[in-house]
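Following: one structure in structure tokens, then a few remarks.
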Amino acid sequence: MKTKIKLLYDTLLNEYGYQGWWPLSSAGYHAKDYTFPKNKNEQFEIIIGSLLTQNTSWTSVEKSLANLKKLKALDPVGMLKINLDILKSAIKPSGYFNQKSERLKLLAKWFLENKNTPTREDLLKLKGVGPETADSILLYAYKIPSFVVDTYTKRILLKIGLIDDSFNYDMIKNLFEDNLKHDYKVFQEFHALLVEHAKQIKKGKRLLLNI
DNA sequence: TTCCAGGCAATAC
DNA sequence: GTATTGCATGGA
């Protein structure tokens with residue numbers, strides 16, 4: 001028998017289709033193509049995108065990424081070299097630019113010094129990287145099946161009654177990971193689908209799914 | 001104008 | 001150990 005989690009996945013996929021995350025400045029969304037990132041620079045772009053998108057809309061992040069690209073700071077070496085004040089103005093659209101600029105610099109340094117695939121614990125030691133950002137980096141930059149839980153995820157599960165308010169980040173993460181095959185492609189789609197669904201609900205275009 | 005957006009760290013209690 | 005607060009911009 002299918003768990004409610006799997007049913008939710010099938011329903012969302014049927015409703016919205018493949019999401020093609022993580023969007024990249026060069027390739028954009030890339031539905032059904034799970035070969036990204038194709039190189040170290042794309043991997044780094046996902047990492048800094050995951051930091052920039054904290055508590056900020058993706059459209060704001062896209063502006064910041066475009067600014068960084070013009071300044072040749074969308075790769076780790078360029079990020080390390082760029083003047084701090086110029087960096088701050090480049091990422092201004094994403095908010096929290098004082099904190100984020102410092103953390104981007106540290107991420108670039110870390111990325112260049114550590115060539116091996118990081119563990120979740122490695123990532124959580126980095127300044128500005130909490131549970132969601134760590135899982136995003138693992139899942140989208142390194143293709144490791146680590147489920148990403150964001151505020152949307154919790155809100156949707158609450159709404160359909162799969163959890164109550166006492167569930168914390170790790171409990172929700174485990175709920176998904178215990179009920180799904182550990183396939184990074186499924187984890188990537190599922191998280192992206194939850195975000196899309198939440199956006200549709202906010203726009204008032206979708207009602208509660210029948211699950 | 002107020003609220004919130006693909007959170008996290010520091011501080012308060 | 002849990003709860004609260006600051007961080008900052010831009011669009012609805």
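Proteins come first, then strands; the chains are lettered A, B, ... in the order of their sequence lines, and each starts at number 1.
The shortest heavy-atom contact between L139(A) and P145(A) is CD1-CA, 4.1 Å. When all heavy atoms of T56(A) and P93(A) are compared, the closest pair comes out as CG2-O, 4.5 Å. Closest of all the heavy-atom pairs between A134(A) and L124(A) is CB-CD2, 3.8 Å.
For residues 76-95 of chain A, no pair satisfies salt bridge (charged side-chain N to carboxylate O under 4.0 Å, His left out), with sequence neighbours left out. For residues 51-65 of chain A, the set of pairs meeting the salt bridge (charged side-chain N to carboxylate O under 4.0 Å, His left out) definition, not counting sequence neighbours, is empty. Applying the salt bridge (charged side-chain N to carboxylate O under 4.0 Å, His left out) test to every pair with at least one member in residues 130-141 of chain A, sequence neighbours left out, gives these pairs: R120(A)-D135(A), D135(A)-K173(A). Counting only residues at least two apart or on different chains, no salt bridge (charged side-chain N to carboxylate O under 4.0 Å, His left out) pair has a member in residues 30-49 of chain A.
Shown for residues 186-194 of chain A: no residue has heavy atoms falling under 4.0 angstrom of DNA chain B. DNA chain B is contacted by T133(A) of residues 133-148 of chain A, taking any non-hydrogen atom closer than 4.0 Å. For residues 22-43 of chain A, proximity to DNA chain B is found at W22(A), Y29(A), defined as any non-hydrogen atom under 4.0 angstrom from a strand atom.
One can place CG of L52(A) at 15 Å from C1' of dG10(C), the figure rounded to the nearest angstrom. Atom-to-atom, CG of D170(A) to C1' of dT2(C) comes out at 16 Å; the value is rounded to the nearest Å. One can place CG of L51(A) at 12 Å from P of dG7(B), the figure rounded to the nearest angstrom. With rounding to whole Å, L104(A) atom CG is found 13 Å from dA8(C) atom P. Spacing between atom CD of E62(A) and atom P of dG10(C) amounts to 15 Å, rounded to whole angstrom units. When the P atom of dC8(B) is taken as reference, atom CG of L107(A) falls 12 Å away, rounded to whole Å. Here the P atom of nucleotide dG7(B) and the NZ atom of K173(A) are 16 Å apart, to the nearest Å. When rounded to the nearest whole Å, the span between CD1 of I91(A) and C1' of dT9(C) equals 11 Å.
Heavy atoms of V61(A) sit nowhere under 4.0 angstrom from any nucleic acid atom. Residue E132(A) is classed as a sugar-phosphate contact, given heavy-atom separations below 4.0 Å to backbone atoms only. Contacts of L126(A) with the nucleic acid, taken as non-hydrogen atoms under 4.0 Å apart, involve only primed sugar atoms and P, OP1 or OP2.
Taking atom P in both dG10(C) and dC8(B), the straight-line distance is 22 Å, to the nearest Å. dA5(B) and dA3(C) have their C1' atoms separated by 23 Å, with the value rounded to a whole Å.
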Can you check nucleotides 10-13 of chain B for protein contacts, nitrogen or oxygen pairs under 3.5 Å, and list what you find?
none

Set out, line by line, the N/O atom pairs under 3.5 Å between protein and nucleotides 3-5 of chain B.
unit_1	atom_1	unit_2	atom_2	d
dA5(B)	OP1	R155(A)	NH1	3.1
dA5(B)	OP1	R155(A)	NH2	3.2

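Taking the side-chain contact (heavy atoms from CB on, under 4.5 Å) definition, one finds that N55(A) meets it with Y96(A), sequence neighbours left out. With sequence neighbours excluded, the residues satisfying side-chain contact (heavy atoms from CB on, under 4.5 Å) with I5(A) are T3(A), L162(A), L175(A), F176(A), N179(A), L180(A), F190(A).
Side-chain proximity of K92(A) to dT9(C), dA9(B), dA8(C): nearest is dT9(C).
Of the N and O atoms on the side chains of D122(A) and T119(A), at least one donor lies less than 3.5 Å from an acceptor on the other residue. Residues N67(A) and S64(A) bring no donor and acceptor atom of their side chains to less than 3.5 Å of each other. A donor atom on one side chain and an acceptor atom on the other are not found under 3.5 Å apart for S50(A) and T133(A).
Evaluated for a side-chain hydrogen bond (donor to acceptor under 3.5 Å, both in side chains) with Y16(A), the options E189(A), H197(A), Q200(A) yield exactly one hit, H197(A).
Note: H30(A) and F36(A) have tilted aromatic rings, judged against thresholds of 30 and 60 degrees for the angle between ring planes.
Between the K154(A) side chain and the F167(A) main chain, a donor and an acceptor come within less than 3.5 Å of each other.
The shortest distance between the side-chain N/O atoms of K125(A) and the OP1/OP2 oxygens of dA9(B) is not below 4.0 Å.
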Would you be so kind as to tabulate the donor-acceptor pairs closer than 3.5 Å made by side chains of residues 106-116 of chain A, with sequence neighbours excluded?
unit_1	atom_1	unit_2	atom_2	d
K109(A)	NZ	E113(A)	OE2	3.2
N114(A)	ND2	W110(A)	O	2.9

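Taking the six-membered ring wherever Trp is involved, the centroid distance between the rings of W58(A) and W22(A) falls below 6.0 Å.
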